[in-house]
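Heads up: the structure comes next, in structure tokens.
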2 protein chains.
Amino acid sequence: MLIVEAAMVCGLIAVVYGLITSRQVLNAPAGNQKMQDIAAAIQEGARAYLGRQYRTIAVVGIIVVAIVWAFLGATSAIGFILGALLSGLTGFIGMNISVKANVRTAEAARTSLQGGLTMAFRSGAVTGMLVAGLGLLSISVFFWYLAGPAGHVPGDPADRTIVNALVALSFGASLISIFARLGGGIFTKAADVGADLVGKVEAGIPEDDPRNPAVIADNVGDNVGDCAGMAADLFETYVVTLGVTMVSIALFMGPGPDTLALMALPLIVGGVCILTSILGTYMVKLGSSGSIMGALYKGFWTSAILAVPAIYAVTHYTLGDMNAVIGGAAQASGADVATHVKAGGDSFTGMDLFWCMMIGLGVTGALVWITEYYTGTNYRPVRSIARASETGHGTNVIQGLAISLEATALPTLVIVVAVIAAYQLAGIIGIAFAATAMLALAGMVVALDAYGPVTDNAGGIAEMAGLDDSVRERTDALDAVGNTTKAVTKGYAIGSAGLAALVLFGAYTTDLREFFPGLAVDFSLSNPYVIVGLLLGALLPYLFGAFGMTAVGRAAGAVVEEVRQQFRDNPGIMEGTSRPNYARTVDLVTRAAIKEMIVPSLLPVLAPVAVYYVIFAVAGQANGFAALGALLLGVIVSGLFVALSMTSGGGAWDNAKKYIEDGHHGGKGSDAHKAAVTGDTVGDPYKDTAGPAVNPMIKITNIVALLLLAALAAH
Amino acid sequence: MLIVEAAMVCGLIAVVYGLITSRQVLNAPAGNQKMQDIAAAIQEGARAYLGRQYRTIAVVGIIVVAIVWAFLGATSAIGFILGALLSGLTGFIGMNISVKANVRTAEAARTSLQGGLTMAFRSGAVTGMLVAGLGLLSISVFFWYLAGPAGHVPGDPADRTIVNALVALSFGASLISIFARLGGGIFTKAADVGADLVGKVEAGIPEDDPRNPAVIADNVGDNVGDCAGMAADLFETYVVTLGVTMVSIALFMGPGPDTLALMALPLIVGGVCILTSILGTYMVKLGSSGSIMGALYKGFWTSAILAVPAIYAVTHYTLGDMNAVIGGAAQASGADVATHVKAGGDSFTGMDLFWCMMIGLGVTGALVWITEYYTGTNYRPVRSIARASETGHGTNVIQGLAISLEATALPTLVIVVAVIAAYQLAGIIGIAFAATAMLALAGMVVALDAYGPVTDNAGGIAEMAGLDDSVRERTDALDAVGNTTKAVTKGYAIGSAGLAALVLFGAYTTDLREFFPGLAVDFSLSNPYVIVGLLLGALLPYLFGAFGMTAVGRAAGAVVEEVRQQFRDNPGIMEGTSRPNYARTVDLVTRAAIKEMIVPSLLPVLAPVAVYYVIFAVAGQANGFAALGALLLGVIVSGLFVALSMTSGGGAWDNAKKYIEDGHHGGKGSDAHKAAVTGDTVGDPYKDTAGPAVNPMIKITNIVALLLLAALAAH
């Protein structure tokens, strides 16, 4: 338990780092009165939206708490509440720091690029460290209490409290995050697309022009979608990945001597990687080349490289002998465990686990590089889209779609290689540890992501407050890099979801055998109900994507009409003599986003339950479970591709526009630029609404299935 | 064998019908000299392209023949050659009749709408009946020879000749059709998109204006892509579906008393449905309402409704007692067969099979209706895209993508219900018979599809020859309906592929047990190599789609530059004083399409072999086979969604443009129309290149896996 306590300390350090750094941010000068007024309007809108979103989610949450309590008891209900509250809290903190850092970044960028970078990155680091820190704290404190004072034995098949509680904690985090990702995603892109269409395209005024009544809503969107939604999503990913690793250890290893140590290992790995991430944040400085991406990479690579010896050290400390065989004791109790612990072999060593975690770090590095290749302006994909823009809107979109399809190939191969290698080393538990190591760097990855919307907002404030053009140029330079770092986080989250989902499926099959020992469930591909499950699972991301895209299109249309009406009713707006009614637009987008997020968010919660009961009714309980299991894998197999293609394609479209704006293919205002704006608009809901929300969707489907099993077994 | 001979007679009747009807088409007046000149240019281009395409494919084909011969013997090699030649022949005939019917349709449309409809539909019916007739003839004659004079026993596990030969026949058809679909698809859309971009968008001249140097290439494309490529594709679908049904009967039933009768049943069902389809063609007449879709539907529904008693009659005749239990004898030889023949039960009756075939007809009807809903101008989806065009290019594309994602849901549910119901009735063989019944209507479905490009061409000829506007109006009305019927065929082909792929997978697992009885292959979803296979299989349609989209974008860009250069070098073209060099553009597109089709077409041929050997090397032969099997299902699970979303989405975009051109949302020339043209351009390669080629791709992957197994077993 000493190790768990050490992990708790690391979590606390992250929180303290967050508090100190946020104080530094808040102490920086907040600019002139005009800038502060604008920032205040954004803050007000963001808080109003988030408040309303959380009140709506609370209604769903309370119903779910009641169900969890009724079927799985008080401890699980508390786990659910803890996960849900903290997921909401990280979103709130992320939003709150970014709405204060935006104006300070604009102010700092008046002096220098380094000033703007430092301010924006610090604010991102606050969000990043709080995501990782609160995630680690929640799961380690909860586990410490359950396995310590509450006296539950980890891995005891007769006492499911720890397993159920960890799954319920993950469920709480996931449920909030799907609402936050989708609601925030709809808000941000409806406002963005609507503002662009009516401002840039119709009225011919520049982006972030204060005469555009949707301009505040657009900036609010960056904070509630790209910041709050993203933070809740990554909190979920963190908690679910560490949680499912611990759950799978408990299920596969049973109550052996190594179980507690193994369960503590993901926590302490998360802990030391928080420390290396904090060190990494201090390396984010512009070098002599002035490369912003280079500065951010310095931070990332410092964290990743320091993580190697750190992970080795804590693995050694936790397990003692790195070459001792683990899993022998568990295996002795039955051949069943052995097949799960390691295919073909019988057990694994600490060294095997260390290499699995290195695979996880390698996957993270590879995904970062691949994402930069597909979304960076220096490489073929983005340039091919930019070139295709010369022949019009149509060819821009065709090439963008081609790139979005192509961008799924390398990440899939990386994940496939990682699955094979980790499985060869240490079975399903090896895959779990690879995923854990990926997520261990979450603090740094989130910091890189959360920096983006702050610079985006800073640019907007600079524009609206009429600051010198040099300020906008600096914030634009910072923002362009933000497009790539935002795409990186999404590829990273969905890639880790690919690994985590395999572990979740392993937990599902193990649970099934334990709860229904007499039931022969045929998961073979030659069982047609498995095919049916795969097809229905594969459908979910498509349907979910359709809902998301439609919602953005519909809400953006409403924004266009609202803005047109304001221009009509009040001609003084365009002349610059009277102020548009920003709040009315924010309110409109708020209502639209809340309304549109509910049905698609409930889809992955209800689908597993519906599929199980329908197939049960038609073809018996064993086939019901087979179809449900296949549904879980269908969701991940299809969701991986939908999410990767959408997030990479969207990022590539965005940067193809920026590449043209940098003076290529005719530059700003050329026909190629107009075509590229179309591609960017199409990519917006792809990359910021539908694509990223697939990640929590996959997890929810899997978690609901696990909880359904537990509930069925208990009643 | 009497029944097989009866099926051969039905196939012959279809061929005779095709010859008589094509004579009727050719005897119709071919218009004035100008029209004939234009038609001659189109014919020349189409023949030149097809000749070159077939020469290129022949090189690949000869290599494959040598491999098949070496590993599986002469009979299989002959089967491959037969399938390949006939697939090529149907494509050639389809192209040849449509390049002659186009000008005659234009001429007939000078008099009346009914005249144009009759001429275009007759030409489509020629292609349709030859696809079904030659497909049925090839498979029934080959089977008759093998099981008759050559003396091979159907279902004999010791003599694999019939099974291997039928699979090789399917392989020949599939291999040609993937090249034809993709090469033709790249040609038609590169020319179409290129012509539109440089003509409609840049030069501001109408579609099919003779001053556009790409206009002949565009019209050639309709014939080599939408006609020849489609015909080869549907020939493949027909042969593979009937072939795999017969193969699965041979594998699952063994050499029992019912095997020969059961294997003849798909042939005679195909035969009588050809007869009902021929009757149906005579019902295609405009009613008092003047609805073109109504006229085509009359033909389709007549065929489908007459098929019900016809199928009942031949099933009764073939099997004798409809309630006698089949499969008992096979089952007596081992429990293994029983689990495949019927899950949970032990056998099935003729009545069960009849109901399975009714399910197949029901699926066809449901898919027709769903496709019309998603691509017809009377329903929400197309109208929502049209409405979204009002706010610009971006929202048009967003809404189109949303619809394309959504359009996968209902077809998936229909297929899932059909799989469950047919499996409950008669196991895998029930699913095979459902697929067979779907394909039995292929003659009529192809007729409806092949009619479209003829009317499209007729409109082009009318425009170029300067015929009266009323002619173009009539051909436009015919063409709009063609968009929906073309989408129907694709949904139908991919839906049947979904069913056929399950049967192919069943054949794969059965073969595996037979060839490698000692090898325990774990197809369970908890085997990570199964997951790896699913992921790699799911990747193939994405990669394939990326290749197709990129190819069209690149080739279309080359067309744009070629046309710009012609305009620059010869200013007389735009003034109408000198004739553009049409042939140079046709030649350019020909070379581009041939070059671009090769790599993606080889992807599904090589991927199964590569995956098997790589996983074999890493994790042993059993896991190699497990990963390969999972790859087959991964391709279908992901391919179904990719293909459905692309073909439906593309059709919806196209008709949204047509809906606006009919005077809604501002009509032709409005901003909404411009946005809709962008959507149409994006949809072009979606629906006519990448999407439809997924169907033969799925089949090839499966067939290569079966042949690989047979080759491994033989050596």
Side-chain angles (χ1 to χ4, degrees), chain A residues 193 197 201 343 388 391-395 397-399 401-402 405-406 408-409 412 415-416 419-420 423-424 431 502 505-506 509 523-526 528 530-532 534-536 538-539 542-543 545-546 549-550 552-553 556-557 560 618-619 629-630 633-634 637-638 640-641 645 678 681-682 685, chain B residues 193 197 201 343 388 391-395 397-399 401-402 405-406 408-409 412 415-416 419-420 423-424 431 502 505-506 509 523-526 528 530-532 534-536 538-539 542-543 545-546 549-550 552-553 556-557 560 618-619 629-630 633-634 637-638 640-641 645 678 681-682 685:
Chain A
V193 171
L197 286 174
V201 181
T391 39
H393 301 264
T395 40
V397 177
I398 289 174
Q399 187 58 26
L401 288 172
L405 293 169
E406 186 195 310
T408 59
T412 306
I415 290 167
V416 160
V419 165
I420 293 177
Y423 188 78
Q424 294 268 350
I431 298 175
L502 298 189
F505 181 76
T509 52
F523 281 116
S524 163
L525 294 176
S526 48
V530 167
I531 311 291
V532 163
L534 283 173
L535 286 173
L536 293 175
L539 173 59
Y542 277 81
L543 209 48
M549 299 286 283
T550 308
V552 169
V560 169
V618 172
L633 281 180
V637 165
S638 145
L640 189 70
F641 290 94
S645 66
T678 293
T681 309
V682 173
Chain B
V193 171
L197 286 174
V201 182
T391 38
H393 302 264
T395 40
V397 178
I398 290 175
Q399 186 59 26
L401 288 172
L405 294 169
E406 186 195 311
T408 59
T412 305
I415 290 167
V416 160
V419 165
I420 293 176
Y423 188 79
Q424 294 267 350
I431 297 175
L502 299 189
F505 182 76
T509 52
F523 281 117
S524 164
L525 294 175
S526 48
V530 167
I531 312 292
V532 163
L534 283 173
L535 286 173
L536 292 175
L539 172 59
Y542 277 82
L543 209 48
M549 298 286 284
T550 308
V552 169
V560 169
V618 172
L633 282 179
V637 165
S638 146
L640 189 71
F641 291 94
S645 66
T678 294
T681 309
V682 173

Is it the side chain or the backbone of [X] that comes within 4.5 Å of chain A heavy atoms, both, or neither?
X: B/Q399; result: side chain
X: B/A409; result: both
X: B/L539; result: both
X: B/F505; result: side chain
X: B/L197; result: side chain
X: B/L502; result: side chain
X: B/V560; result: side chain
X: B/V637; result: both

Using a cut-off of under 4.5 Å for heavy-atom pairs, which of [options] has the most such pairs with chain B?
options: A/I431, A/L401, A/V193; result: A/L401
options: A/I420, A/V552, A/L534; result: A/I420
options: A/L535, A/T550, A/L640, A/V618; result: A/L535
options: A/T395, A/L633, A/L543; result: A/L633

State, yes or no, whether a side-chain contact exists between [X] and [Y] at a heavy-atom distance under 4.5 Å.
X: A/L525; Y: B/L525; result: yes
X: A/Y542; Y: B/S645; result: yes
X: B/V419; Y: A/I531; result: no

Self-check item: Residue A/T412 versus chain B: region with a heavy atom under 4.5 Å
Solution: side chain

Self-check item: Region of A/A538 in contact with chain B, defined by heavy-atom distances below 4.5 Å
Solution: both

Exercise. With rounding to the nearest 0.5 Å, note down the distance linking CD1 in A/I398 to OG1 in B/T678.
Key: 10.0 Å

Practice problem: Under 4.5 Å, counting heavy-atom pairs only, tell me which of B/G394, B/A388, B/G392 racks up the most with chain A. | Solution: B/G394

Quiz item: Considering all heavy atoms of both residues, which atom of A/A546 and which atom of B/E406 are nearest to each other, and what is their separation?
Solution: CB-N, 3.6 Å

